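So that the names make sense, note that chain A is the first sequence line, chain B the second, and so on, each numbered from 1. Small disclaimer: the values here were computed from a predicted structure and weren't measured.
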2 protein chains.
Amino acid sequence: MARRKIANTLALAVLGLLMERPMHPYEVASTLRERHKDSSFKITTGSLYDTVAALARHGWIEPVETGRDGKRPERTVYRHTELGHREFVAWIDELIRTPGGDYPKFMAAVSYLGALTPQAAADALTERAELLQQRINEMAQVLEATVGAGQLPRLFMIEGEYAQHVWRAELSWTRRIAAEIHDGTLRWPDA
Amino acid sequence: MARRKIANTLALAVLGLLMERPMHPYEVASTLRERHKDSSFKITTGSLYDTVAALARHGWIEPVETGRDGKRPERTVYRHTELGHREFVAWIDELIRTPGGDYPKFMAAVSYLGALTPQAAADALTERAELLQQRINEMAQVLEATVGAGQLPRLFMIEGEYAQHVWRAELSWTRRIAAEIHDGTLRWPDA
DNA sequence: ATCCTTATAGTCGGATCCGACTGAAGGAGG
DNA sequence: CCTCCTTCAGTCGGATCCGACTATAAGGAT
């Protein structure tokens, strides 16, 4: 199984937007933010231009025109290619199909939870729980204002539902472990 | 809030092991694998040596000796410093305390689920569900063989419980959406 | 004795990533 | 009509990441 030539998911986002219509990179970034896709993709200007260059290098997208609008800075508009379209679909299929390949930071930290004292651990977990609850609420508001208000088909914000579902699971685990530390169910081995 | 000097969680793993006793990089890698920590940390030899170098550069660890065992290749043993210890604890606290900062690939792909046909999407989700179930089972076996058999205190494999909990949530969501596609609850807008 | 595989230990070059920066245009306030 | 702030559009240098590679030694098979 040959490794994917481009791994960065920001490239997926770019490709996805270019399926709709040609755009220049800056426009891609602002459109993604408008659509609240910035919690699915890490958008930094630096990587954006590198990513676009990589996509062009591999022939997944190509420049259409290098023009200027009024006296604004010059900019390059890109569109997707046939190859880009095929790769886009295949990539999504693969990402959906095969789990893993992610190493979440929280899991790394939990591996060394024992490095904190029981009190510190419980405290940190409790704060995490509050922040998770906040995120869940914020996402609920976004969903309400878009899908709920009939502004957008549900499929276009389905990742929001996914995020909520997973965050709720994280929340319940976090609360449970904090509780287990308090009531002594989860023991700290004395080393 | 000044950004953390070292972001790679592999550094966290290295630091964590060096808290126990001094080791050389290769030994760190093999010990992590023995302990099944390779699903929490992405361990590649390339990054390992860079990471160790970065840790040393920042004074979080320091070389103890550069010796050789028999006629084996030369190797450098490192130990943690006081500073390294403090940063280790502070880093874990921060990672536990503040959620987010992760952009899971699956969420990215789900954002463009609509790029697949309903049938293809349902099919990919179904395969994902099977693979997730497999992972959950594998983790159950690891937990059984270590914590279950009394080989290890529960706290030392607690990230396994976390992983299982989250994977189960992913699994239920994945199955539900596949079902909703089949029964037409989740509509594909005709573009 | 010789060959082959696996384990030990690490190097290196190219790709990627991203924070900090530049520079021009339009708008708001005095 | 001058200054300051924000938005637009992108560049760049340095840090990081990691797959592919080297080289030696032990352990088995032939």
Output yes when at least one side-chain N/O atom of B/His24 is less than 4.0 Å from OP1 or OP2 of C/dG10, else no. yes
Nearest whole angstrom, please: distance from the C1' of D/dC8 to the CE of A/Met23. 16 Å
Take the protein atom CD of B/Glu34 and the nucleotide atom P of C/dA7, then report the distance between them rounded to whole Å. 12 Å
Using a heavy-atom cut-off of under 4.0 Å over every strand shown, decide if A/Thr45 touches base, sugar-phosphate, or nothing. base
Return the 5'-most residue of the pair B/Ser47, A/Leu48 with respect to DNA chain C, ranking by each residue's nearest nucleotide. B/Ser47
Within the pair A/Tyr49 and D/dT11, is there a side-chain N or O less than 4.0 Å away from OP1 or OP2? no
Value for CD1 (B/Ile61) from CD (B/Glu87), rounded to nearest 0.5 Å, stands at 13.0 Å
If the cut-off is 4.0 Å, is B/Arg75 near the phosphate of D/dT24, judged by side-chain N/O to OP1 or OP2? no
Shortest side-chain distance from B/Thr44, nucleotide among D/dC18, C/dC18, D/dT16: D/dC18
Rounded to the nearest angstrom, tell me the gap between atom NZ in A/Lys5 and atom P in D/dG19. 12 Å
Counting neighbours of CD on B/Glu82 that are heavy atoms of other residues, nucleotides or ligands and sit closer than 6.0 Å, is the number greater than 12? no
In whole angstrom, what separates A/Ile6's CD1 from C/dA15's P? 13 Å
Out of C/dG10, D/dA9, C/dC17, minimum distance to the side chain of A/Tyr26 belongs to D/dA9
Should B/Arg75 and B/Glu27 count as an ion pair when the cut-off is N to O under 4.0 Å? no
Do B/Asp50 and D/dC18 share a donor-acceptor pair, side chain to base, under 3.5 Å? yes
Roughly how many Å is it from CG in B/Asn8 to C1' in C/dC17, rounded to a whole number? 13 Å
Rounded to whole Å, the CD1-P distance (B/Ile43 to D/dT16) equals 19 Å
Euclidean distance, atom CG of residue A/Leu12 to atom P of C/dT16 [Å, nearest integer]: 16 Å
Going from CD on B/Gln164 to CE on B/Met139, what distance comes out if it is rounded to the nearest 0.5 angstrom? 7.0 Å
Over how many whole Å does the gap from B/Phe41 atom CZ to D/dC17 atom P extend? 14 Å
Cation-pi, B/Phe41 ring and B/Arg33 (6.0 angstrom, 45 degrees): no
